[in-house]
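Data first, discussion second: the structure below is written as structure tokens.
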Amino acid sequence: MLEGIENGAALLRLGLSPAEPSDLSFAEAADWVIWQFPLQRRGGLCGAAHPPLADFGWLPTMIDPGGKMIRIHPSAVFPTPEAAANWMAGRQSEGGVRSS
């Protein structure tokens, strides 16, 4: 689960669950920064997304370009997109996360 009450409250204000993955269409994520260098893994593209909140950090994200959506995993907030994507890729390789 997301670390920190402030982070969880911030996600709730955005309409996202701080306890489980949330799906956003590309249109819904228009204000987000989606890292442009995702890691290709068997289950899809492991990346990171930054919400439209100053100084929030990066969230691990599965990116589905064909479905034009992202799935945000609020397990932790990372200081860099690389760290968030690497966490996501590690979970994906363990079989612990599904892309859809």
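Source: prediction; values computed, not measured. Residue numbers run from 1 in the order of the sequence given.
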If the condition is side chain to side chain contact (heavy atoms under 4.5 Å, CB included), which residues does [X] pass it with, not counting sequence neighbours?
X     : result
Leu12 : Pro18
Ala84 : Ala48, Trp58, Pro60, Phe78
Glu28 : Leu24, Ser25

Would you check if [X] and [Y] make a side-chain contact, meaning some heavy-atom pair closer than 4.5 Å?
X     : Y     : result
Ile70 : Asp64 : no
Thr61 : Ile63 : yes
Trp35 : Glu82 : yes
Cys46 : Met62 : yes
Leu14 : Phe56 : no
Leu59 : Leu11 : yes

Separation of Met88 CE from His73 NE2 (nearest 0.5 Å):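 The CE atom of Met88 is 4.0 Å from NE2 of His73, to the nearest 0.5 Å.
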Gap between atom CG of Asp23 and atom CE of Met69 - 0.5 Å precision: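 These two atoms lie 3.5 Å from each other.
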ILVMFWY cluster, Leu53 and Val77 together (side-chain gap under 4.5 Å):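 Same hydrophobic cluster.
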Gln40 atom CD: more than 12 heavy-atom contacts under 6.0 Å: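 Correct, the count exceeds 12.
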Nearest non-hydrogen partners of Gly57 and His50, listed with the distance: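 That closest heavy-atom pairing would be O-CD2, 3.0 Å.
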Ala29 versus Ile34, closest heavy-atom pair with distance: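 Residues Ala29 and Ile34, closest heavy atoms: CB-CD1, 4.4 Å.
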Cluster companions of Leu39 among Ile, Leu, Val, Met, Phe, Trp, Tyr (side-chain spacing under 4.5 Å):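 Hydrophobic cluster check, Leu39: no partners found.
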